[in-house]
Amino acid sequence: MTDAAIDTTRGAGAPNYLTAGTRVRSWLLSTDHKRIAILYFATITVFFMIGGAAATLMRMELFTPEADVVSADGYNKLFTLHGVIMVFFFLVPAIPTTLGNFILPLAIGARDMAFPRVNLISWYLTLSGGMLALASMLLGGVDTGWTFYTPYSSVYSNSYVTLAALGVFISGFGNIATGVNFIVTVHTQRAPGLGWRRLPLFVWSIYATSIIFVLGTPALAVALLMVVVERLFGLGLLDPARGGDPILFQHVFWFYSHPAVYIMVLPAMGVVTEVITCFARRRVFGYTMMVGAMLAIAVVSFFVWGHHMFVSGQSLYASLIFSFLSFVIAVPSAIKVFNWTATLYGGHITFESPMLYAMGFVGLFTLGGLTGLFLASVPIDVHVHDTYFIVAHFHYIMVGGSVAAFFAGLHFWWPKITGRTYNERMARAAAILMFLGFNFTFFPQFIVGYLGMPRRYHVYLDQFQVWNVASSLGAVILAAAYILPLCYLGWSLIGGHKAGDDPWEATGLEWQTSSPPPEHNFERLPLVTEEAYAYHEKHEHPKERGGGNQDSQGTGHRTRQERSGGRHGPGPHADNPAGGGR
Amino acid sequence: MTPESVHAAEPNQPFLRWSRQREATTFGLWIFLASEMVFFGALMMGYAMHRYLWPDAFEVAGAHTNIWYGSINTAILLTSSATMAVAAWAARDGLRRTVLTGLGLTAALGMAFLVLKGFEYREDFNEDLIPGIVAFPLDPPQTQIFFSYYWMMTGIHAVHLTIGIGAVLTVAWVVAKGRTDWTQSGTLHGLALYWHLIDVIWIFLYPLLYLVGRG
């Protein structure tokens, strides 16, 4: 997919963001959103591997019904480690802080985030929170599960709950700052001509996610703080002996932690939209509905938390309402699935690796979402509560959905981020392997859960073994599928071909600058003259299209020629936002 | 624009115009304030729930906070908001000395609040109004819930105030040294928004913690 027009923007020794400084200091104190994205990327990759290692040990233990690898206590600490690290330090920050940080300013034609220094501070907050949580695990572990349920966490647990909770608490402020930064950036840094209705859906998805960051995370902070002050100072808000209420913790905790699921999945939806439109060469079907669906999800996600508490003794009427609202939130999610499908219709579909990952996302997200509907209805939830059915359901959303989309985005934007191409054949193999390995691992858990196997036990009845063996074998495949990209993506940094500015011939402003982008993103600030996803020329209105083809590099693709006006022109970096280089 | 060409009279990266930077700073602060509202809102929701469950205990416990400290601190904090507002609006007109005086007074009043709060905490300590200790002086046991909220809410508020004082002093230093064009940057207005939030939260805490038990 490389083309001849690679080096035109890199004249006169203008360094790109990677070569702009080589000292460690120039990375650790960088306020460049692209470098901060790389810092985040390194951080979450390490956390992903730690969380994955814990999962590996759990699947080894569950290979047989007896306890043979770890003790009951060790197993408790393993699944807590896995959950805390994966949820708070991988899944929540994964797409927004890496791909969002890197791509969002480029996609709106900005020179940086609105508050570059705040952006760097956010990374330090996330990192120090992660280090605290990790320290608690290394010192002896936490055995409460990632949900820190009271009164076990506040009164009984003799593990490092305080340290882990403080770690999550601190990284939460990093998330809030990131959310504020994204919202202000989208409001104030858009390129001239880039109206709200022209924003790529990835930008919208990060925007919707940021709303949840800003309004949800403080609730988590309060919930964890209640646990911490009870453990440290003996305050009694969650202590029933003094009139406190352990269920209060669950309410406040899930007020954040259910929307947090949408923190994980909304950016994934944004990534997948970019990928599907590009590889179907189609304008997205129902742009307005896609935006509305994401905003609706962001809002309604705050009103469904009670479906985690159907068996916690909340009022029956509350359960009914939460059940109803949980069905309601499935509607915008379904709209998105239908719109992706309709976008494919009549497209020139090719199956490059990002597209394979994205297709995997749609299928797995749909399955995860449909089982979510089962769980939204009270009788079924009461039946399968705390079984592997739940485990399978949310892994379909979080791993099959979010992680697959993260890989889709990573493969899609890798040439932009690094300026290199990776081995496409290996990448396709990894994408297919991941899809197969994932289903092999988690589909049996639906069955074994429905048969009654409870979660969070290191031993189980003999009759469940066949499903657990299948699941553990699938995990081997899944692990291989995760290690493979590390190899070929790592190799691409050394031996990859130069990618060119726009290897996928995609629309989107990020593809109009060089790969890797220069320090200040654009040689000239772009001027936007058309909607996002102008892949399909016959749907465009000629009168709306601006710009000429003056220095098109001529790839032979119509869409690309139409959009290349003003892209590679010489001249100084535009200081005038209205100038746009024309 | 290369970094070398940036000097004090130009807006911070990535802004091209001062008006945009002002707009972004205040808008960002408003978004952050929304986040803070959820933070304190969650605590106040818990307070409301527990007061509904244990009205008698809350009445007993509410009479044991010190209304003198609370009321004087309310007056101090409201005054500091006035001096903060003076500084913020003087900045727009470039009145450097007024800005510095306003910020100085604001920081001083903020510290006075913390000092008084410290005395109040000492008194609470001496009266054993600490949840979790064996000899908690009040009955029924749910009075401890009230004092759990008291310590948590005033404690978090004090942390916010401490951060606010640090921010005020930092901005005063920036203005004194002329590090940025503070008449244009909107920094003062952003700072004022945060300071007023601290004030507004206290306006809610004051009746919840000091007036409720004295009906």
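Proteins come first, then strands; the chains are lettered A, B, ... in the order of their sequence lines, and each starts at number 1.
Contact of the B:Met37 side chain with the A:Leu215 side chain is not registered, since no non-hydrogen atoms from C-beta on lie closer than 4.5 Å. Between B:Val38 and A:Val222 the shortest side-chain heavy-atom distance does not fall below 4.5 Å.
More than 12 heavy atoms of other residues, nucleotides or ligands lie within 6.0 Å of OH in A:Tyr124, so this atom counts as buried by the packing criterion. The number of heavy-atom neighbours closer than 6.0 Å to CH2 of B:Trp68, taken from other residues, nucleotides and ligands shown, is 12 or below.
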(request) Quick one: do A:Thr188 and B:Phe15 satisfy side chain to side chain contact (heavy atoms under 4.5 Å, CB included)? Show the steps, please. (result) CA-CA 9 Å; A:Thr188 61; B:Phe15 298 101; 4.2 Å; yes

(message) Please determine whether side chain to side chain contact (heavy atoms under 4.5 Å, CB included) holds for the pair A:Met226 and B:Met152, giving the CA-CA distance in whole Å, both sets of side-chain angles, and the decisive distance to 0.1 Å.
(response) CA-CA 9 Å; A:Met226 284 178 177; B:Met152 242 181 125; 4.0 Å; yes

(message) Could you walk me through whether B:Thr143 and A:Arg242 satisfy the side chain to side chain contact (heavy atoms under 4.5 Å, CB included) test, starting with their C-alpha distance in whole Å, then the side-chain angles of each, then the deciding distance to 0.1 Å, before giving a yes or no?
(response) CA-CA 8 Å; B:Thr143 49; A:Arg242 287 177 276 166; over 6 Å; no

(message) Is there a side chain to side chain contact (heavy atoms under 4.5 Å, CB included) between A:Asp239 and B:Gln144? Walk through the geometry before answering.
(response) CA-CA 10 Å; A:Asp239 177 13; B:Gln144 294 192 31; over 6 Å; no

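Atom NE2 of residue B:His50 and atom CG of residue A:Leu248 lie 5.5 Å apart, to the nearest 0.5 angstrom. To the nearest 0.5 Å, atoms NE2 (A:His187) and CD (B:Glu23) are separated by 10.0 Å.
With a threshold of 4.5 angstrom between heavy atoms, B:Ile156 approaches chain A through side-chain atoms but not through N, CA, C or O. Contact of A:Asn181 with chain B is not made at all, since no heavy-atom distance falls under 4.5 Å. For A:Ile176, the part lying near chain B is the side chain, with the backbone staying farther off; criterion is any non-hydrogen pair under 4.5 Å. When heavy atoms are compared at a cutoff of 4.5 Å, B:Met49 approaches chain A solely by way of its side chain, counted from C-beta outward. The parts of A:Val180 that come within reach of chain B are both its backbone and its side chain, each placing non-hydrogen atoms under 4.5 angstrom from that chain. Only the backbone of A:Met113 comes within less than 4.5 Å of a heavy atom of chain B; no side-chain atom from C-beta onward does. In this structure, chain B has no heavy atom under 4.5 Å from any part of A:Leu220.
The nearest pair of heavy atoms linking A:Gly244 to B:Ile145 is N-CD1, 3.4 Å. The two residues A:Val184 and B:Gly28 make their nearest non-hydrogen contact at CG2-CA, 3.4 Å. Shown here for B:Pro14 and A:Ala114, the closest heavy-atom pair between the two residues is CD-O, 3.5 Å. When all heavy atoms of B:Ser148 and A:Gly236 are compared, the pair lying nearest together is OG-N, 2.9 Å. A pairwise comparison of heavy atoms in B:Ser35 and A:Val214 identifies OG-O, 2.9 Å as the closest pair. Of all non-hydrogen atoms in A:Val252 and B:Ala42, the two that sit nearest each other are CG1-CB, 4.5 Å.
By number of non-hydrogen pairs under 4.5 angstrom with chain A, the leading residue of B:Phe27, B:Phe147, B:Phe40, B:Tyr149 is B:Phe27. By number of non-hydrogen pairs under 4.5 angstrom with chain B, the leading residue of A:Phe213, A:Phe115, A:Phe233 is A:Phe115. Annotation: maximal heavy-atom pairing with chain A below 4.5 Å, among B:Gly155, B:Pro140, B:Gly132, occurs at B:Gly132. The residue among B:Phe32, B:Trp30, B:Trp151, B:Trp54 with the most heavy atom pairs within less than 4.5 Å of chain A is B:Trp54.
Between A:Phe173 and B:Phe39, the ring-plane angle classifies as tilted under the 30° and 60° cut-offs.
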